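Scroll down for the structure; my scribbles are underneath it.
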Amino acid sequence: MTTLEVPESHLRENPYDIAKEQLRRVAELFGVDPNLVNVLQECKKAVVVSVPVTMDDGTIHALEGYRVTHNIARGPSKGGIRYHPDVELDEVKALAMWMTWKCALMGIPFGGAKGGIRVDPKKLSPAELQRMTRRYTSEIINEIGPEKDIPAPDVGTNASVMAWIFDTYSMNKGHSVLGVVTGKPLNVGGSLGRLEATAHGALYCIQEAVRKRDLRMADLRVAVQGFGNVGSFLAKFLAEQGATVIAVSDSRGGIYNEAGLDMAAVLAHKQETGALEGLRGAESITNEELLLLDCDVLAPCALEQVITSANADQVKAKIIAEGANGPITPTADEILDDRGVLILPDVLANAGGVVVSYFEWVQGLQEYFWKEDEINSKLRDITTRAFNETWRTAEERKTSMRLAAYGLAVRRVADATITRGLYP
Ligand code: NAD
């Protein structure tokens, strides 16, 4: 047996150490009992599984998979599944903790979880991807379930992967269990609006920030890093709202046009060629250059730790909307904060996905499906309320949007823990 080759990681710092340090800072600022911090900084459960997969050529690869539940004080745990060559246990733990805060901030009755497999899904055939997903699901079948822990898509996974998880789980139970996973295709119990939900949530946050800062969407120059589920829809929606999208990128690099990219042409080119590069009328730029462009709004929508102490002082954007989870390291965060950059933190700016996942879970349990405009309007209400609560808290405490958002969330989880009492 062999394992697939793993390249150098994008993680410069340990994400779980960062998440724990953020929790300690927030707890201090918001007066959370240190005894509770001792509970909240640990993950309730972390499962590491081996996922043996027969490749199309007959060889067998043993991949490493994870499923982590951080906290269930406010409800079953919820969080995506990531297929990426850099996935490691501490990254999954950090992402699980951030999910706990995100669900609490949005006021939805879930705790936090995350999962993943250390693999490059682009190197797998569709059949290999399906076999791997089904075996991984079998390995974690006792951990997940509609009342327990509900996975969703994240980097490198999509609706098809969710359909295989749903089917594998259902085959083992002997009946269809719609509530076991969200982000499913529409024809097997998915929700209208889920595909675009994370980008919609980010758009609503940017629109609120624009209002607060007395700006106009039509005057905004925007750069978006990452052109997957979150980044591609966000760039499209911002352009539809009148903003000028000057640059977008994927893992292979970016494209730039000072006068603005035609998003319909970008999306068509990406669909046709699988890449962004080579679009007529656009210059090539690197991912590093994109982050430093002179723009009003920067939306990192790819991976963690792209803005660090090494480049934070060169970032020119006035507003950063964290479509990705953890794209700014704590040191970079302080540098940007000191310079007056308005950061819309991940737990707020990319929470649209989990909110509509919650709607999908509710619809699945009720076997009753809602209209798309109902879903989008409920999403806007929840996002706008969370944005305004965070804004108000930041003003009252004279702190950043990030600390305000985490503070509100941590307090809610701490309160639920106190109300329930520590078992036994
Ligand atoms: P995706 O797999 O659909 O897209 C990821 C994109 O990032 C791709 O365009 C890929 O080419 C690009 N990318 C990968 N490595 C890169 C690199 N080193 N530099 C630049 N670009 C790179 O994933 P997604 O679902 O859009 O998730 C993106 C981010 O948003 C992640 O941080 C994820 O945790 C977060 N997020 C996603 C959702 C969701 O609903 N999908 C919800 C909340 C948060």
Side-chain angles (χ1 to χ4, degrees), residues 9-11 14-20 22-23 40-49 51 63-106 108 110-119 121 132-133 136-137 139-146 148-158 161-162 165 180-183 197-198 228-230 301-305 322-327 345-347 350-355 357-358 361 406 409 413:
S9 172
H10 65 280
L11 299 169
N14 182 313
Y16 189 38
D17 287 345
I18 291 179
K20 286 194 283 190
Q22 283 168 337
L23 170 63
L40 297 178
Q41 70 179 356
E42 301 300 332
C43 290
K44 175 181 163 59
K45 182 164 60 179
V47 175
V48 181
V49 295
V51 186
L63 302 161
E64 193 157 280
Y66 313 90
R67 187 70 191 169
V68 172
T69 292
H70 170 250
N71 188 282
I72 57 162
R74 300 181 65 263
S77 54
K78 186 92 190 74
I81 290 178
R82 178 173 292 196
Y83 290 170
H84 191 276
D86 298 347
V87 168
E88 58 181 49
L89 184 58
D90 275 358
E91 181 189 37
V92 181
K93 284 184 173 181
L95 291 164
M97 192 189 284
W98 289 327
M99 282 305 295
T100 302
W101 311 145
K102 194 179 297 181
C103 295
L105 179 68
M106 304 316 281
I108 56 176
F110 286 138
K114 207 80 183 188
I117 303 180
R118 194 170 169 80
V119 67
M132 180 186 78
T133 300
Y136 169 67
T137 308
E139 294 295 339
I140 60 163
I141 205 153
N142 293 323
E143 319 308 326
I144 60 175
K148 214 181 198 179
D149 177 23
I150 306 128
D154 191 74
V155 175
T157 56
N158 56 21
V161 172
M162 298 306 116
I165 296 176
V180 69
V181 69
T182 59
T198 307
N229 173 273
V230 183
C301 299
L303 294 172
E304 303 96 320
Q305 301 180 18
E322 292 187 329
N325 287 305
D346 45 14
V347 291
N350 70 34
V354 76
V355 172
S357 272
Y358 166 54
W361 179 74
Y406 282 36
V413 179

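Not measured: the values here are computed from a predicted model.
- With sequence neighbours left out, the side chain to side chain donor-acceptor pair (under 3.5 Å) criterion links Thr133 to Tyr83.
- Contacts of Lys20 classified as side chain to side chain contact (heavy atoms under 4.5 Å, CB included), with partners at least two apart in sequence or in another chain: Tyr16, Asp17, Arg24, Gln41, Met97.
- Partners of Ala324 according to the side chain to side chain contact (heavy atoms under 4.5 Å, CB included) rule, which considers only residues two or more places apart in sequence or in another chain, are Pro327.
- In this structure, Glu64 has no salt bridge (Lys or Arg N to Asp or Glu O under 4.0 Å) partners at least two apart in sequence or on a different chain.
- With sequence neighbours excluded, the residues forming a ring pair (Phe, Tyr, Trp, His ring centres under 6.0 Å) with Phe110 are Tyr358, Trp361, listed by chain and number.
- Under the side chain to side chain contact (heavy atoms under 4.5 Å, CB included) criterion, Gln305 pairs with Leu11, Arg12, Glu13, Pro15, Ile18, Thr329, not counting sequence neighbours.
- Residues meeting the side chain to side chain donor-acceptor pair (under 3.5 Å) test with Lys114, sequence neighbours left out: Asp154.
- Val155 meets the side chain to side chain contact (heavy atoms under 4.5 Å, CB included) test with Arg82, His84, Leu303; sequence neighbours excluded.
- Considering only residues two or more places apart in sequence or on other chains, Lys93 meets the side chain to side chain donor-acceptor pair (under 3.5 Å) condition with none of them.
- For Lys148, there are no salt bridge (Lys or Arg N to Asp or Glu O under 4.0 Å) partners, not counting sequence neighbours.
- Among residues two or more places apart in sequence or in another chain, the salt bridge (Lys or Arg N to Asp or Glu O under 4.0 Å) test is passed with Glu88 by none.
- Residues satisfying the side chain to side chain donor-acceptor pair (under 3.5 Å) criterion with Asn158, sequence neighbours excluded, are absent altogether.
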